[in-house]
Amino acid sequence: MEPQRSPLLEVKGNVELKRPLAKAASRLPLSGRRLKRGPDQMEEALEPEKKRTRGLGTRVSTTHPRAAALSSAPQTQGQTTVPKAPRKPAPRCSTAVAPVLKTQKPGPVVPAQKPGTTAAPPMVGGKKPKRPAWDLKGQLCDLNAELKCCREKKQVLDQENQQLRDQLQEAQQQALALGAERRSLEEELTRVRAQAEQGQRELGNLSAHVLELEERLGTQEGLVQELQKEQLRLQEERTGLAARLGEQERRLQTSEASLSDSQEEVASLRQEAAAREAVLAEREDRLHGLEMERRRLHNQLQELKGNIRVFCRVRPVLPGESTPSPGFLQFPSGPCGPSDPPTRLSLSRSDERRGTLSGAPAGPTRHDFSFDRVFPPGSGQDEVFEEISMLVQSALDGYPVCIFAYGQTGSGKTFTMEGGPGGDPQMEGLIPRALRHLFSVAQELSGQGWTYSFVASYVEIYNETVRDLLATGTRKGQGGECEIRRAGPGSEELTVTNARYVPVSCEREVEALLHLARQNRAVARTAQNERSSRSHSVFQLQISGEHAGRGLQCAAPLSLVDLAGSERLDPGLALGPGERERLRETQAINSSLSTLGLVIMALSNKESHVPYRNSKLTYLLQNSLGGSAKMLMFVNISPLEENVSESLNSLRFASKVNQCVIGTAQANKK
Ligand code: ADP
Ligand code: MG
């Protein structure tokens, strides 16, 4: 049970109860700033107001409105007029209204005191004077006034409450709208976040792309720098080239100038050359005429000298040989004295048989011989060749030429034809010298339009068999098998079957052939002792000349023959098996040599029949002998007294030949 209170205490309690209401009312108006908060904040802010509003409703019915009215009027006035002034705690209900007014906007002003109420005790120092305890009527009057005031206040508060309710509803609607807005904003936020994430990803991609592009940019920049450097270099090069071009152009201009000068010069030179060519052609004609004249005169000279000539050559006494007695061989001077080339030879021989028959020793018999030329022992190879070079020249002019070396074995035939041993150029024989001479003259004649070709062959005739001295390979050194045939039916030309015919054009080739022939002879020598001296060696050179410009041709053989030893077999010798063979050889040799003599005689006597066929030698040489041919015979003589008999035989044979005059030679021209 609550204790009984006085009315004042009851009012006081009402006033205290009204405090939360005043607080709630002061919070209801929402400022624009507060409305701008987020929906959550708004709800939080609104929630206590609702509670308070509900609380207010219940309390309003129980509280006494007068309590608030008692002190609210002056307090409100004080608040509105002097808000910041220090305030004294209001008595009774003033504390309940004050917190509300602190934050409340100025609302409708409640009149503090209405006129017509019972007069209140005068104010002492701003304070209402307290009625004495006995003034119950006054007190009642005050209370009635206060009650009236409270009722008015209540009415105002109800209105205000209604307003607040409206505001609350409005605020709730706003809150709903704000909630919807918040959701949409949240959705927007989600969308924006998604967009942001997408944007982030894109940004990432873009960053990567940017990095890549930057990298590429770096590469491109490097490239650009390189290109710039290259450009610079090219520019420099271009500058250099332009300078060179300028230089070249200047040179070209100079060259063009000199070229035009040269062209003029060339034109004048051409004119000059044409004039010279005309002169040259004229001179060539004259030269050709002169050459033909030279050939004619040369031949005439040779004919005057004789188409068959005999040269006698006496070899020197070799080391180890006995020196002949003085006067054994003499070389009397010619009619013009010692300066004349010797042509005579005297041989003194003491005839023992003649002395024996008469009973007293006879003096030496002197044999005189005369030839076209005599070469005493001291004569060199060059000296000998000089005499025959004119004859070799005739072969080039188209006259057949045949040179023999006749004499006993060891008299110097091979030395004269091929030369001495050792390859000493001074010792070279007629064959290499003649060929060298031919090559050099052919070379000279090529300037006049003549073209010459030479084909060589080298055979030996032993015991009437022909053997090739140029055979190579398996045929090397073998005898026989070669036959002399006409080159063709009705042909005058002869050829040796199975023999090599080698084209030659220089000395070295001729040397090689002579070397090969020596080798072949050496092989044969092992089979049959000293066969070389028992056989005839025939070196033949077929010379062909052509003057294409004038359609002239000439062809003639040059034959160089190293005859077999002419020595006779001693009839007093006993005939053993070796001697019999030797006899057969000798007979063959003698037969062929006498046939040669007979052929020369027949030709000399212009006999109708010339016995060429009587020996292989004459048969082979028939084109080199006779009418159109020029013949030279070397008779080689040993200087030794012991060979006097053979020397005399040789000299006699040669003398016979020398007496022959072969008919006028005809150049083999076409
Ligand atoms: P053939 O061939 O007549 O049998 P060779 O030519 O073989 O004689 O000569 C015999 C030797 O005499 C060789 O040793 C050769 O060198 C030498 N002889 C020949 N003639 C001369 C010469 N005119 N001068 C020097 N030596 C010669
Ligand atoms: Mg010889």
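Since the structure is predicted, the reported quantities are computational estimates derived from the model, not experimental observations. In each ligand, atom 1 is the first atom listed, and ligand 1 is the first ligand listed.
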With sequence neighbours left out, which residue pairs that include part of residues 538-553 fulfil the salt bridge (Lys or Arg N to Asp or Glu O under 4.0 Å) condition?
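Sorted pair list: D285-R550.
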What residues, two or more places apart in sequence or in another chain, satisfy side-chain hydrogen bond (donor to acceptor under 3.5 Å, both in side chains) together with E483?
none
Taking the six-membered ring for Trp and the full ring for Phe, Tyr or His, determine whether the centres of Y462 and H536 are under 6.0 Å apart.
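No: the rings miss the under 6.0 Å criterion.
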Less than 6.0 angstrom separating the ring centers of Y406 and F653, yes or no?
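Judged by ring-centre distance (under 6.0 Å), Y406 and F653 do meet the cut-off.
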Going by the rule salt bridge (charged side-chain N to carboxylate O under 4.0 Å, His left out), which residues pair with E492 if we only count those two or more places apart in sequence or in a different chain?
none
With respect to the Mg ion (ligand 2), please indicate if T414 possesses an N, O or S atom at a distance under 2.8 Å.
yes
Contact residues of ligand 1, where a non-hydrogen atom lies under 4.0 Å away
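Lining ligand 1: R313, R315, P316, L318, Q408, T409, G410, S411, G412, K413, T414, F415.
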Evaluate R313 against T416 for side-chain hydrogen bond (donor to acceptor under 3.5 Å, both in side chains), listing each step before the verdict.
CA-CA 9 Å; R313 186 177 193 187; T416 302; 3.2 Å; yes
